[in-house]
Trainee: 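I have a structure I would like to understand better, so I am pasting it below and will then ask my questions one at a time.
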Amino acid sequence: MKILISPAHYIFNDRHESGETAYSYNITKHIASRWGAVDVIVGSTDLINSPPKNVNLIPIYKSRTPNLLKEFVKYFAFPLLVLLKFVQMHKHYDIVHHMFPTSPHTVDPLILFLKIFFPSTKIIIGPLQLHSKLDSGSNLSIMFTGKATYSPIIFPLQLTFKFLLLLTQPFSKLTYSLADKVVCNFNLIKRFYKSTIPAKKI
């Protein structure tokens, strides 16, 4: 079985016990231990330990930077770059797993591409979690740079971030509707997403 994992967050690390970036790493290791070799398209890695030999990491960015504006652009460019990387790879997968969407308004153009050109590929999205509100500059900077950064550009980035989420909301419903299965951590999350995702898919 050929499996491609595509974490929604562009950072892939094992430096923390919690958080989507570390959870994605741990679940990837578990899937590889049960099902064999997996490919993982990641933005950039920040690993203390080497991944298992049957986990093939395919990075898009060289590294994470402390530059808030640069990381902001990388965050929103990442889904499109994942699609371009996939096209460049010329490979067919049985399962593609879009892991840990970073927002209820997540958009993954790779899923639409797969449904059109590789309809036999099964799509999994999740696990879904309840998302913290990114209504403070410190929360936003932690998401992008990994630490609270106080900068004059925080406020305009907050406004831009909220605008882009509103803009992509219709496409996020399409993303979820095209999935074959959506995984939720618990029933509270299932209720939160009930207006977005058909119950039979969860």
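Every heavy atom of this structure was used, including side-chain atoms; hydrogens, water molecules and symmetry mates were not. On a predicted model such as this, the values are computed, not experimentally measured, just so you know.
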Trainee: Does the side chain of Ile111 reach to within under 4.5 Å of the side chain of Ile125, using non-hydrogen atoms?
Mentor: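 Sidechains of Ile125 and Ile111: in contact.
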Trainee: Which atom names give the shortest non-hydrogen contact between Val55 and Ala32, and what distance separates them?
Mentor: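 Nearest heavy atoms, Val55 then Ala32: CG2-CB, 3.6 Å.
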Trainee: Linking I/L/V/M/F/W/Y whenever any side-chain heavy atoms sit under 4.5 Å apart, do Leu159 and Leu68 land together?
Mentor: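 Different clusters: Leu159 never reaches Leu68 through Ile, Leu, Val, Met, Phe, Trp or Tyr contacts under 4.5 Å.
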Trainee: Where do Ile41 and Pro7 come nearest, in terms of heavy atoms and distance?
Mentor: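 For Ile41 and Pro7, the tightest heavy-atom pair comes out as O-CD, 3.4 Å.
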Trainee: In terms of ring plane angle, is the pair Phe118 and Phe86 parallel, tilted or perpendicular, where the classes change at 30° and 60°?
Mentor: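 If you compare the ring of Phe118 with that of Phe86, the planes turn out perpendicular.
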Trainee: Using 30° and 60° as the class boundaries, would you call the ring planes of Phe78 and Tyr10 parallel, tilted or perpendicular?
Mentor: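 The arrangement is tilted - the two ring planes meet at 30° to 60°.
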Trainee: Would Ile202 end up clustered with Leu188 when hydrophobic side chains under 4.5 Å apart are linked, directly or stepwise?
Mentor: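 Yes, Ile202 connects to Leu188 through the hydrophobic network.
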Trainee: Report yes if some heavy atom in the side chain of Tyr176 is under 4.5 Å from a heavy atom in the side chain of Leu128; otherwise report no.
Mentor: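 Touching, per the 4.5 Å side-chain cut-off.
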Trainee: Which atom names give the shortest non-hydrogen contact between Asn185 and Ile189, and what distance separates them?
Mentor: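 Looking at all heavy atoms of both residues, the shortest contact is CB-CD1, 3.8 Å.
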Trainee: Is a donor on one side and an acceptor on the other found under 3.5 Å between the side chain of Glu71 and the backbone of Thr65?
Mentor: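 Checked: pair present.
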Trainee: Would you compute the distance between atom NZ of Lys85 and atom CG of Leu4 and round it to the nearest 0.5 angstrom?
Mentor: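 Separation between the atoms: 12.0 Å.
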Trainee: Locate the shortest heavy-atom distance separating Leu83 from Pro109; write the atom from each residue and the value.
Mentor: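 Smallest heavy-atom distance, with atoms named: CD2-CB, 4.0 Å.
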Trainee: Do His92 and Thr121 have side chains that get closer than 4.5 Å, going by heavy atoms?
Mentor: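 Answer yes - side chains close enough.
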Trainee: Quick one: NZ on Lys115 to CG on Leu178, what's the gap to the nearest 0.5 Å?
Mentor: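 Interatomic distance, Lys115 NZ to Leu178 CG, rounded to 0.5 Å: 6.5 Å.
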Trainee: Which heavy atom in Pro51 sits nearest to a heavy atom in Tyr25, and how many Å separate them?
Mentor: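 It is CA-OH, 3.8 Å.
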Trainee: Would you say Phe12 and Thr28 make side-chain contact, with heavy atoms under 4.5 Å?
Mentor: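 Yes, side chains in contact.
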Trainee: Shared ILVMFWY cluster between Phe117 and Leu84, side chains joined below 4.5 angstrom?
Mentor: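 Both belong to a single hydrophobic cluster.
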Trainee: Just verifying a value: how many Å separate Asp39 CG and Lys91 NZ, rounded to the nearest 0.5 Å?
Mentor: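 Those atoms lie 3.5 Å apart.
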Trainee: For Tyr93 and Ile3, work out which heavy atoms get closest and say how close.
Mentor: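 In terms of heavy atoms, the two residues are closest at CD2-C, 3.5 Å.
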Trainee: Is there a side-chain contact between Pro101 and Thr175 in this structure, where contact means two heavy atoms from C-beta onward sitting under 4.5 Å apart?
Mentor: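 Contact flag for Pro101/Thr175 side chains = no.
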Trainee: Can you tell me how far the CG atom of Asp94 sits from the OG atom of Ser120, to the nearest 0.5 Å?
Mentor: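 Here the interatomic distance stands at 7.5 Å.
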Trainee: What is the distance from atom CD1 of Ile5 to atom CG of Asn56, rounded to the nearest 0.5 Å?
Mentor: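 One finds 11.5 Å between CD1 of Ile5 and CG of Asn56.
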Trainee: For Ile60 and Ser44, what are the C-alpha separation, side-chain angles and deciding distance, and is it a side chain to side chain contact (heavy atoms under 4.5 Å, CB included)?
Mentor: CA-CA 6 Å; Ile60 292 176; Ser44 57; over 6 Å; no
Trainee: When you measure from the side chain of Asp14 to the backbone N and O of Asn49, does any donor-acceptor pair fall under 3.5 Å?
Mentor: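 Side chain of Asp14 to backbone of Asn49, a donor-acceptor pair under 3.5 Å: yes, one is there.
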Trainee: How long is the span from the NZ atom in Lys122 to the CD1 atom in Ile124, to the nearest 0.5 Å?
Mentor: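 Reported value, rounded in 0.5 Å steps: 10.5 Å.
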Trainee: Please confirm whether the backbone N or O of Ala179 pairs with a side-chain atom of Lys201, one donor and one acceptor, at under 3.5 Å?
Mentor: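 Side chain of Lys201 to backbone of Ala179, a donor-acceptor pair under 3.5 Å: yes, one is there.
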Trainee: Do the non-hydrogen side-chain atoms of Phe72 and Leu164 ever get within less than 4.5 Å of each other?
Mentor: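 Yes; the side chains approach each other to less than 4.5 Å.
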Trainee: Tyr75 and Phe171: same hydrophobic cluster, using ILVMFWY side-chain contacts below 4.5 Å?
Mentor: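 In one cluster with Tyr75: Phe171, no.
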Trainee: Is the side chain of Thr45 donor-acceptor paired with the backbone N or O of Leu47 at a distance under 3.5 Å, no angle test?
Mentor: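 Checked: no pair found.
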Trainee: Please step through side chain to side chain contact (heavy atoms under 4.5 Å, CB included) for the pair Ile95 and Met1, ending with a clear verdict.
Mentor: CA-CA 8 Å; Ile95 294 175; Met1 182 179 293; 3.6 Å; yes
Trainee: Do the side chains of Met99 and Tyr23 get nearer than 4.5 Å, heavy atoms only?
Mentor: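 No, every pair of side-chain atoms sits at 4.5 Å or beyond.
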Trainee: Under 6.0 Å between ring centres, would you say that holds for Phe100 and His9?
Mentor: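 Between His9 and Phe100, which both carry aromatic rings, the centre distance is not below 6.0 Å.
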Trainee: Please say whether the positively charged group of Lys74, taken as NZ for Lys or CZ for Arg, lies over the ring of Tyr61, i.e. under 6.0 angstrom from the six-membered ring centre and within 45 degrees of the axis.
Mentor: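 The answer is yes; both the distance and angle limits are met.
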Trainee: Would you say Ile31 and His97 make side-chain contact, with heavy atoms under 4.5 Å?
Mentor: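 Touching, per the 4.5 Å side-chain cut-off.
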Trainee: When clusters are formed by joining ILVMFWY residues with side-chain heavy atoms under 4.5 Å apart, either directly or through shared neighbours, do Phe163 and Phe155 land in the same one?
Mentor: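 Different clusters: Phe163 never reaches Phe155 through Ile, Leu, Val, Met, Phe, Trp or Tyr contacts under 4.5 Å.
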